[in-house]
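Okay, structure first, notes after.
Worth knowing before you read on, the calculation uses all heavy atoms, side chains too, and leaves out hydrogens, waters and symmetry mates. In listed order, ligands and their atoms are each counted from 1. We number each residue from 1, following the sequence as shown. The shown structure was predicted, so the numbers you read here are calculated from the model rather than taken from an experiment.
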Amino acid sequence: MDIKHVLNTKQFLNEDLLVDIFKKADTFEKQDRENSVPKVLDGKVLACIFYEPSTRTRLSFESAMLKLGGGVISTESAGYFSSAIKGETLEDSIKVIADYSDAIVLRHPEIKSAERAAQVSSVPIINAGDGGEEHPTQALLDLYTIRKEIGRTDNIKVALVGDLLHGRTIHSLVYLLAMKENVEIFFVSPKELEIPESYKEFLKSKNIKFSEFSDLSQVVSQADILYMTRIQQERFSDKKIYEKVKDCFVLTKDMLSELKKEARIMHPLPRVKEIGPEIDKDERAAYFRQARNGLYLRMALLSFLLE
Ligand code: CP
């Protein structure tokens, strides 16, 4: 893989590269089930530096590194439990951590923080979420999940639902979907949380068909992939707006009766109220399988970056 840092999904707009990554993830899943993952990263160290909370991204990266024979150093709540609390800049922290590790997974609340880190880092930086901008490894595992679940990533209709303004997983996934053939995107959000103009301009430049809705029930019957997201309370400066929109889209059992039999419901998780636990038993509910795929996709990425 001719990529040093994983900063955004525009770096992955290459079909051959995606096929290689997905095949490697398939192989690691098979080897993991057989308890035969090769320890190809023996002696390497991964630093997971998270200034924002995480369950899936941090722990799946850590698990991926351990399964491949490497070691992990990490800090969660890095804004409090690293020397950032004493005033150390992100750049100084990264320069030091790069001397202790072979790659750094970074989650930070500021847009472009991963790019800033990459400018001073001697080891690969993996963007695990930079504010409301991008979350490239999530989008890669999302596309990988679509391929596994419905057997194709071309000729699909994808409904992206919820907080499209702050949803970094949505932003990263839009770029990946735009490289596929005959994809149609339905953006479903309240007016206050519409997808930013730059993403629409990008889709227009690639001749990707898209439309915008404010009512979830208008798209459920058409979607092959129903990608739900959480309204991100932590990104609102005006809490009154959050209160107004927080429960705007809830997937109900009635709506599921409209969903195609072969369609899939995805969610990057964590969820709040947009998908209740009563939906989990539906075989179209793919979000926990999606989270598991993150482990294998991240094993593949680490192997490409560090072997
Ligand atoms: N999907 C995702 O990024 O989950 P976490 O915030 O738990 O890492």
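- Listed by chain and number, the residues in a ring pair (Phe, Tyr, Trp, His ring centres under 6.0 Å) with Tyr199 are His171, Tyr175 (sequence neighbours excluded).
- Checking only distances, Arg56 does come within under 3.5 Å of ligand 1, N or O to N or O.
- Heavy atoms from other residues, nucleotides or ligands lying under 6.0 Å from NZ of Lys206 number 12 at most.
- Heavy atoms of Glu52 stay at 4.0 angstrom or farther from ligand 1.
- Every atom of ligand 1 with a heavy atom of Thr57 under 4.0 Å away is listed here by number and element: 2 (C), 3 (O), 4 (O), 5 (P), 8 (O).
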Item to complete: Decide yes or no on salt bridge (charged side-chain N to carboxylate O under 4.0 Å, His left out) for Glu184 and Lys180, but give the supporting numbers first.
Response: CA-CA 10 Å; Glu184 183 170 353; Lys180 311 308 294 182; over 6 Å; no
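- Using a 4.0 Å cut-off between charged nitrogen and carboxylate oxygen, Asp26 and Arg147 count as a salt-bridge pair.
- Residues Arg284 and Glu149 are not paired through a salt bridge, judged by the lack of any N-O separation under 4.0 Å between the basic side chain and the carboxylate.
- Residue contacts with ligand 1, taken as heavy atom pairs separated by less than 4.0 Å, involve Leu269 solely via the backbone atoms N, CA, C and O.
- Ranking protein heavy atoms by distance to atom 6 (O) of ligand 1, first place goes to Arg107 NH1, 2.9 Å.
- What sits closest to atom 7 (O) of ligand 1 on the protein, heavy atoms only, is Thr55 N, 2.7 Å.
- Contact check on Arg152 versus Asp224 returns a salt bridge, with a Lys/Arg side-chain nitrogen under 4.0 Å from an Asp/Glu carboxylate oxygen.
- Among the atoms of Pro268, some N or O lies under 3.5 angstrom from an N or O of ligand 1.
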